[in-house]
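Structure record follows, encoded as structure tokens.
The figures here come from the full heavy-atom set of this structure, side chains too, leaving out hydrogens, waters and symmetry mates. Since this is a predicted model, take the numbers as computed values, not measurements. We're numbering straight along the sequence, starting at 1.
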Amino acid sequence: PAEGGLSMPIIDGDSVIYFYSTSDTLFYALHFDGTVKWIYNYNGTGNIGAECGAVSEDHIHFVRNTWEFDPHSGSYWCYYHILNKDGALYWQNGGGTYWYHNELYGSPTIGLDDRVYVVGDSSLINVTQDVKLYAFDDTLVQWTSFLKQGQSGNIYASTPAIGPDGTIYVALDDSVY
């Protein structure tokens, strides 16, 4: 991989190591011995977050917040990618269509109920933002929950954490929800 811009790796139950590079816009899957299993080109600029994503039984989930400005909505594109374990694209939002919010924070988390949880905002740039927790079943948003309304300025949100009883925790600025 290109130097710089590497995510923290994640490892699945088969000992496959996944990570991305913002330098060469590639998402890597390596066998535990370091040989390449596959490489996915996500074709774009932007940050995917401090972590890599989440691995479910059949898929790898990751998000990419681009620096590509959309003049129609006044916001930046946000993409949510789901890859099959063989490296093929299963689903991606975006691609010239508007989506739920401006930005996703942290990485997706898979809950005890097999839903994917991620934190994002839902307002235009330079306007107050409503920060929400999104719950996905496969590719559909099943529900959202407001964490903080009318947020202005920089938002510092964690990747959702799942407690042993299924409770979802999110650190947002100076509070835990």
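Tyr169 and Leu172 sit in two unconnected hydrophobic clusters of ILVMFWY residues. Membership requires side-chain heavy atoms under 4.5 Å apart, directly or through other members. Taking hydrophobic clusters as Ile, Leu, Val, Met, Phe, Trp and Tyr residues chained together by side-chain heavy-atom distances below 4.5 Å, Leu89 shares a cluster with Val55. Cluster membership check: Trp91 shares its hydrophobic cluster with Val141, using side-chain heavy-atom separations under 4.5 Å among Ile, Leu, Val, Met, Phe, Trp and Tyr.
Proximity of Pro160 to Val119: side-chain heavy atoms (C-beta onward) are separated by under 4.5 Å at one or more points. The shortest distance between side-chain heavy atoms of His81 and Tyr40 falls below 4.5 Å.
Between the side chain of Ser107 and the backbone N or O of Thr159 there is no donor-acceptor pair closer than 3.5 Å. With hydrogens and angles ignored, the 3.5 Å screen pairs no side-chain donor or acceptor of Asn84 with any backbone N or O of Asp86.
Atom CZ of Phe136 is separated from atom CD1 of Ile110 by 12.5 Å, given to the nearest 0.5 angstrom. Going from atom NE2 of His61 over to atom OG1 of Thr139 covers 10.5 Å, rounded to the nearest 0.5 Å. Interatomic distance, Asp14 CG to His31 NE2, rounded to the nearest 0.5 Å: 10.5 Å. With rounding to the nearest 0.5 angstrom, the OG atom of Ser56 is 14.5 Å from the CZ atom of Arg115. Once rounded to the nearest 0.5 Å, the distance linking CG of Asp114 with CG of Asp58 reads 9.5 Å.
Here Tyr90 pairs with His59 under the ring pair (Phe, Tyr, Trp, His ring centres under 6.0 Å) rule; sequence neighbours left out. Residues satisfying the side-chain contact (heavy atoms from CB on, under 4.5 Å) criterion with Ile39, sequence neighbours excluded, are Leu26, Tyr28, Val36. Residues forming a side-chain contact (heavy atoms from CB on, under 4.5 Å) with Ser15 (at least two apart in sequence, or on another chain): Phe32. Listed by chain and residue number, nothing satisfies the salt bridge (charged side-chain N to carboxylate O under 4.0 Å, His left out) test with Asp138 (two or more places apart in sequence, or in another chain). The side-chain contact (heavy atoms from CB on, under 4.5 Å) search around Ser175 returns Tyr177, not counting sequence neighbours. Partners of Ala29 by side-chain contact (heavy atoms from CB on, under 4.5 Å), not counting sequence neighbours, listed by chain and number: Val16, Tyr18, Lys37, Trp38.
Considering all non-hydrogen atoms of both residues, Ile168 and Leu133 come closest at CG2-CD2, 3.8 Å. Closest heavy-atom contact between Ala54 and Pro108: CB-O, 3.3 Å.
Residues Tyr20 and Phe62 keep their aromatic ring centres 6.0 Å or farther apart.
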